[in-house]
Amino acid sequence: MPNWQSSSELVTDSVIFIKLLHALMGLYAWEVIISLDFDWAVLTGKKKFRWPLAFYFAGRYLLLFAMIGILIGVDTPVEVDCQALYVFNQLAGDAAVGLASINLSLRTIAIWSQNKWIISILVLIILGHWSLILQGVLLTATWVPGVGCAITESNTTILAATFIYSMCFDFVVLCLTAYKLAWTPRRTGSSGLHTKLVRMIFADGLAYFIIAFLANLAATVFMILDLNAVMSVLFNVPAAIASTIVASWAVRRLYNFDIKVPDVYRSDQQPAMGFQSSRPSQACRPAREPTAVRVEVDTFSQAHPLSDLEAYGTRKPSSDFLSFNDDEEQKRPRVF
């Protein structure tokens with residue numbers, strides 16, 4: 001069992017930490033580059049900017065700047081103000097974790113059709129989360145000649161509380177999403193998770209929770225163990241990067257989701273399952289004159305609480321977006 005507080009162990013851990021940071025920077029830079037076309041399309045107006053994307057952009061680029069700041073601290077040969085630099089890195093990295101959870105929360109609010117109780121619950125949880133994120137200076141860093149900036153002390157109690165809170169927050173959001181998308185339809189006698197959009201939202205939320213939970217769990221365990229100043233924060237950066245990458249991926253998938261609606265059929269073909277013709281049978285021509293006709297169809301989508309997902313840019317051929325209000329949906333036709 002090594003002496004975690006010895007100078008030699010601190011040097012070894014610092015070297016491991018620096019190499020890990022460079023590897024993570026490469027991973028995150030690769031993720032930013034391959035998705036830069038989406039960001040550019042939104043910024044240039046090719047894709048419509050919608051307000052939830054503000055949290056998407058803030059989380060992505062705050063973490064990018066934090067990673068650049070960390071590498072400056074460990075790579076620069078010129079003495080810098082390590083304390084100020086690491087305070088920025090800490091706040092930007094923790095903010096990226098908080099923004100990742102907000103991105104998932106906004107999806108849940110949309111799924112619940114902006115239910116006031118759900119909004120109130122999630123807003124209170126978000127405020128509690130950010131009260132921990134903005135606690136202030138939780139670590140001390142100094143300049144070491146020949147080494148660069150080195151972390152000499154960290155407040156593991158607040159940091160651990162922040163990551164535990166993040167895991168609980170993500171679990172609450174996942175439960176609310178699963179209840180509305182899967183349990184509620186089954187309880188009412190309808191089939192849950194039967195559309196591509198609903199399945200995608202549920203699967204993305206589950207993938208986000210699993211990846212973010214495991215990453216945050218590793219960071220929390222090492223902070224609670226408090227082996228030394230370096231090991232206590234070793235997995236903080238991986239946790240922030242994992243959460244941000246998966247959250248950004250989920251936002252882009254939902255924004256780019258497209259819905260196709262077939263509306264032209266041949267008279268000698270059977271209509272697709274789930275569609276009923278609204279015109280009488282005399283609309284069809286005699287058998288000796290086969291032709292293609294346009295059949296108007298009335299389709300009623302099943303009650304699903306996704307009415308506000310338009311804020312993410314989900315596209316639909318008609319001017320109205322998906323409306324899943326339980327009362328209105330029974331009264332008027334919708335195309336799903």
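The residues of the chain are indexed from 1 along the displayed sequence.
Within the 3.5 Å criterion, the main-chain N or O of A110 finds no donor-acceptor partner in the side chain of Q114. Side chain of S113 to main chain of N115: no donor-acceptor pair is present (N/O by atom type, distance under 3.5 Å, no hydrogens or angles). Checked by atom type and distance alone, the side chain of W249 never pairs as donor or acceptor with a backbone atom of D204 at under 3.5 Å. Using a distance-only test at 3.5 Å, with no hydrogens or angles considered, a donor-acceptor pair links the side chain of N228 to the main chain of W4. For S6 (side chain) and N3 (main-chain N/O), a donor-acceptor pair under 3.5 Å exists by modelled atom type.
Residues L106 and I119 share a hydrophobic cluster, clusters being chains of Ile/Leu/Val/Met/Phe/Trp/Tyr side chains in contact below 4.5 Å. Under the 4.5 Å side-chain heavy-atom criterion for Ile, Leu, Val, Met, Phe, Trp and Tyr, L124 and V172 are members of distinct hydrophobic clusters. M231 and V11 are members of different hydrophobic clusters when ILVMFWY side chains are connected at heavy-atom separations under 4.5 Å. When hydrophobic clusters are built by joining Ile, Leu, Val, Met, Phe, Trp and Tyr residues whose side-chain heavy atoms come closer than 4.5 Å, directly or via intermediates, I121 is grouped together with L127. A chain of hydrophobic side-chain contacts below 4.5 Å, direct or via other Ile, Leu, Val, Met, Phe, Trp or Tyr residues, connects V237 to F88.
Distance CG/L43 to CZ/F38: 9.5 Å, rounded to 0.5 Å. Atom CG in L104 sits 8.0 Å away from atom CG in L174 (nearest 0.5 Å). Note that the CD1 atom of I224 and the CZ atom of F163 stand 12.0 Å from one another [nearest 0.5 Å]. Atom CZ of residue R107 and atom OH of residue Y208 lie 10.5 Å apart, to the nearest 0.5 angstrom. Of the inter-residue distances, the one linking L234 atom CG with M223 atom CE reads 11.0 Å to the nearest 0.5 angstrom. The CD atom of Q90 sits 12.0 Å away from atom CG of L85, with the distance rounded to the nearest 0.5 Å.
Between Q5 and L10 the shortest side-chain heavy-atom distance does not fall below 4.5 Å. Looking at V233 and N236, their side chains come closer than 4.5 Å, going by heavy atoms from C-beta outward. Proximity of S248 to T244: side-chain heavy atoms (C-beta onward) are separated by under 4.5 Å at one or more points. L217 places a side-chain heavy atom less than 4.5 Å from the side chain of M167. Side-chain contact check for C149 versus T76: every heavy-atom pair is 4.5 Å or farther apart. Side chains of Y28 and L24 form no contact here, defined as non-hydrogen atoms less than 4.5 Å apart. Under the 4.5 Å side-chain criterion, counting only non-hydrogen atoms from C-beta, F17 is not in contact with T12. Counting only heavy atoms from C-beta outward, the side chains of I133 and V97 never approach each other to under 4.5 Å.
Aromatic ring orientation, F171 versus F209: tilted (interplanar angle from 30° to 60°).
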Stepwise, does the side-chain contact (heavy atoms from CB on, under 4.5 Å) test hold for F213 with S166? CA-CA 8 Å; F213 179 84; S166 298; over 6 Å; no
Decide side-chain contact (heavy atoms from CB on, under 4.5 Å) for L99 and I102; before the verdict, give the C-alpha distance in whole Å, the side-chain angles of both, and the deciding distance to 0.1 Å. CA-CA 5 Å; L99 290 167; I102 288 177; 4.2 Å; yes
Could you go through F169 and I126, starting from their C-alpha distance and side-chain angles, then the distance that decides it, and tell me whether this counts as side-chain contact (heavy atoms from CB on, under 4.5 Å)? CA-CA 8 Å; F169 185 8; I126 290 172; 3.5 Å; yes
Intermediate values then yes/no, side-chain contact (heavy atoms from CB on, under 4.5 Å), T140 and Q83: CA-CA 6 Å; T140 302; Q83 183 63 26; 3.8 Å; yes
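N103 and P52 make their closest contact through OD1-O, 4.1 Å (heavy atoms, listed as atom of the first residue, atom of the second, distance). Residue S131 comes nearest to G128 through the heavy atom pair OG-O, 2.5 Å, listed as atom of the first residue, atom of the second, then distance. Considering every non-hydrogen atom in both L132 and I158, the closest pair reads O-CG2, 4.1 Å. What you find for W112 and L176 is that their closest heavy atoms are NE1-O, 3.1 Å. Heavy-atom minimum distance, F202 versus A178: CE1-CB, 3.5 Å. In terms of heavy-atom proximity, A141 sits nearest to Y86 at CB-CG, 3.9 Å.
The closest side-chain donor-acceptor pair between S101 and D170 falls under 3.5 angstrom. Side chains of S232 and T156: no donor on one and acceptor on the other come within 3.5 Å.
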Tabulate below the donor-acceptor pairs under 3.5 Å that side-chain atoms of residues 58-74 make, not counting sequence neighbours, or state none.
| from | atom 1 | to | atom 2 | distance (Å) |
| --- | --- | --- | --- | --- |
| R60 | NE | D39 | OD2 | 3.2 |
| R60 | NE | Y56 | OH | 3.3 |
| R60 | NH1 | E31 | OE1 | 3.2 |
| R60 | NH1 | S35 | OG | 3.1 |
| R60 | NH2 | S35 | OG | 3.1 |
| R60 | NH2 | D39 | OD2 | 2.8 |
| Y61 | OH | D39 | OD2 | 2.5 |

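Among pairs with a residue in residues 224-248, those fulfilling ring-ring contact (aromatic ring centres under 6.0 Å, His included) read F222-F235, at least two apart in sequence or across chains.
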